[in-house]
Participant: 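Below: one structure in structure tokens.
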Amino acid sequence: MSILITLNDIVVSFDGEKILDHIDLDIHDKEFVTLLGPSGCGKTTTLRIIGGFITPDSGTVTFDGKKINQLPPYKRNVNTVFQRYALFPHLNVYENIAFGLRVKKLPEKEISKRVQEMLKLVGLVGFEKRSTARLSGGQQQRVAIARALAIHPKVLLLDEPLGALDLKLRKEMQIELKRIQEQLEITFIYVTHDQEEALTMSDRVVVMNGGKIQQIGSPVDIYNEPVNAFVADFIGESNILSGLMIRDKLVEIGGRQFECVDTGFGENTPVDVVIRPEDIKLVKPEDAQISGVVESVIFKGVHYEMLIDAYDFRWIVHSTQAAEKGSAVGLTFVPYDIHIMHKMPKEEYPLRGIEPASEPEDTEEAK
Ligand code: ATP
């Protein structure tokens, strides 16, 4: 796929505070890209730069090979769908969808053709005359999507468009949006703080934190190979521990040594170690290097989530088999499931989830 949009070394500050800190990003033609990160990380600001609503302090925005820093929004071949649908309450469904086409002064026949196409695309044929006040939240969002797409933009920007819908409807709309994007073969740039939503729909996910891009990759890459503890924590639940890379393929956690598959971290290097809850197996305590006591067991629908106290660390374990609360268990995992990462500076740890594990010297005491 060819590159459609490039953000090159973008910096944006508000009130002296750096909101985007040297962002570099290529977006390909016909791609579904999601900007994912916690509230305030700069996702919407990035989207607004692409839409032309904010001009960066420095850096360049390129669209189809042309620099567009100064090009006003209405001259860009993009359109936006917001979380609040912003439909026109005095216009019916047909006129809402037709709005941008009338502004462009298209002939009535063409307007009618496009509105019908859009109604079909979003599953609202027959709703033409309905007042938007008499639509459900999901239907209103469909009208907003149809209205944005009717002018045939090359890129659709979507800023948390499903945020106001309930969970079931949100999941339905996620599948719908992906279908629409594939059917129309246009670029979607989607903003969300919901990691599951990002993994479900995207070709590529851009994980942001503190105005910086942490990682760009396919959902599978981001989930299986997070580049640092922040990404690992934000994408799904994780056990994140301090470790010491003894040498290639050998890591020490809590004073015990484990074979792993990572190389290139040098010798005796402090690292972050990530082990996913679903990759840990519970066995008899005597059959494992690590043993602990089951602190809690919660049924989560598909699996049980157990918290296990072992070596000053509360391990999260997901399994379809429940262990008994208070019982002693062993924890095992295979080398492939131990993910080694460069240590993140403490100030870059996110507010939620991660408790920076103690340094290796401290964990020696836990032996
Ligand atoms: P959310 O998910 O909460 O919308 P976000 O990742 O989209 O968050 P942005 O909306 O890009 O974050 O905002 C990033 C930071 O910039 C926030 O701290 C926000 O308060 C600040 N900010 C955004 N717009 C402005 C503005 N016009 N003036 C001053 N500060 C702003």
Side-chain angles (χ1 to χ4, degrees), residues 5-25 27 32-61 68-70 72-73 76 78-86 137 141 144-145 148 155-167 170 173-174 177 187-202 204-217 219 222 226-228 230-236 344 347-354:
I5 297 169
T6 299
L7 302 183
N8 185 20
D9 205 17
I10 297 290
V11 175
V12 173
S13 300
F14 290 127
D15 308 326
E17 196 191 337
K18 218 178 248 180
I19 302 299
L20 292 184
D21 193 358
H22 301 279
I23 296 285
D24 288 311
L25 177 63
I27 291 167
F32 198 127
V33 181
T34 298
L35 309 178
L36 173 71
S39 184
C41 72
K43 308 179 294 287
T44 298
T45 305
T46 307
L47 203 70
R48 289 170 69 79
I49 283 182
I50 296 169
F53 303 105
I54 296 176
T55 309
D57 302 343
S58 63
T60 50
V61 186
I68 55 161
N69 283 40
Q70 303 303 330
R76 298 189 182 196
V78 303
N79 213 349
T80 309
V81 177
F82 299 97
Q83 177 174 349
R84 301 269 155 237
Y85 327 119
Q141 192 54 294
I145 291 162
V155 179
L156 190 66
L157 309 176
L158 301 108
D159 194 354
E160 306 243 8
L162 309 182
L165 306 180
D166 67 48
L167 185 64
R170 209 156 71 214
M173 286 298 291
Q174 287 169 10
L177 277 173
T187 304
F188 274 30
I189 309 176
Y190 194 96
V191 159
T192 183
H193 60 264
D194 180 337
Q195 50 96 10
E196 201 190 324
E197 190 159 283
L199 297 182
T200 307
M201 293 192 288
S202 321
R204 284 192 310 152
V205 179
V206 180
V207 185
M208 298 180 68
N209 189 34
K212 290 187 186 147
I213 292 178
Q214 302 288 321
Q215 185 168 3
I216 305 174
I222 299 262
V227 293
N228 58 35
F230 171 77
V231 177
D233 183 57
F234 200 76
I235 309 285
M344 285 185 76
E347 63 274 14
E348 286 189 22
Y349 276 99
L351 295 174
R352 131 199 121 75
I354 297 177

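Numbers here are sequence positions counted from 1. Remember, it's 1-based here, ligands and their atoms both numbered in the order they're listed.
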Participant: Tabulated below should be the N or O atoms of ligand 1 paired with protein N or O atoms at under 3.5 Å; can you produce that?
Facilitator:
{"unit_1": "ligand 1", "atom_1": "2 (O)", "unit_2": "K43", "atom_2": "NZ", "d": "3.0"}
{"unit_1": "ligand 1", "atom_1": "3 (O)", "unit_2": "S39", "atom_2": "OG", "d": "2.5"}
{"unit_1": "ligand 1", "atom_1": "6 (O)", "unit_2": "G40", "atom_2": "N", "d": "3.4"}
{"unit_1": "ligand 1", "atom_1": "6 (O)", "unit_2": "C41", "atom_2": "N", "d": "3.1"}
{"unit_1": "ligand 1", "atom_1": "6 (O)", "unit_2": "G42", "atom_2": "N", "d": "3.0"}
{"unit_1": "ligand 1", "atom_1": "6 (O)", "unit_2": "K43", "atom_2": "N", "d": "3.0"}
{"unit_1": "ligand 1", "atom_1": "6 (O)", "unit_2": "K43", "atom_2": "NZ", "d": "3.0"}
{"unit_1": "ligand 1", "atom_1": "7 (O)", "unit_2": "T44", "atom_2": "N", "d": "2.9"}
{"unit_1": "ligand 1", "atom_1": "7 (O)", "unit_2": "T44", "atom_2": "OG1", "d": "2.7"}
{"unit_1": "ligand 1", "atom_1": "8 (O)", "unit_2": "G40", "atom_2": "N", "d": "2.7"}
{"unit_1": "ligand 1", "atom_1": "11 (O)", "unit_2": "T44", "atom_2": "N", "d": "3.4"}
{"unit_1": "ligand 1", "atom_1": "11 (O)", "unit_2": "T45", "atom_2": "N", "d": "2.9"}
{"unit_1": "ligand 1", "atom_1": "11 (O)", "unit_2": "T45", "atom_2": "OG1", "d": "2.5"}
{"unit_1": "ligand 1", "atom_1": "12 (O)", "unit_2": "G42", "atom_2": "N", "d": "3.4"}

Participant: Begin from the C-alpha positions of D9 and D24 and carry the test side-chain contact (heavy atoms from CB on, under 4.5 Å) through to its verdict.
Facilitator: CA-CA 5 Å; D9 205 17; D24 288 311; 4.1 Å; yes

Participant: Under the criterion side chain to side chain contact (heavy atoms under 4.5 Å, CB included), which of L157, T44, T34 is the partner of V191?
Facilitator: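 Per the side chain to side chain contact (heavy atoms under 4.5 Å, CB included) rule, the option paired with V191 is T44, out of L157, T44, T34.
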
Participant: Quick one: are Y190 and E197 in side-chain contact, heavy atoms under 4.5 Å?
Facilitator: yes

Participant: Does the K212 side chain pair with the main chain of C41, one donor and one acceptor, at a distance under 3.5 Å?
Facilitator: no

Participant: How close do R76 and I50 get, counting heavy atoms only, and between which atoms?
Facilitator: NH1-O, 3.0 Å

Participant: Picking from T45, V11, I54, D57, what satisfies side chain to side chain contact (heavy atoms under 4.5 Å, CB included) with I19?
Facilitator: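 The option that passes is T45.
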
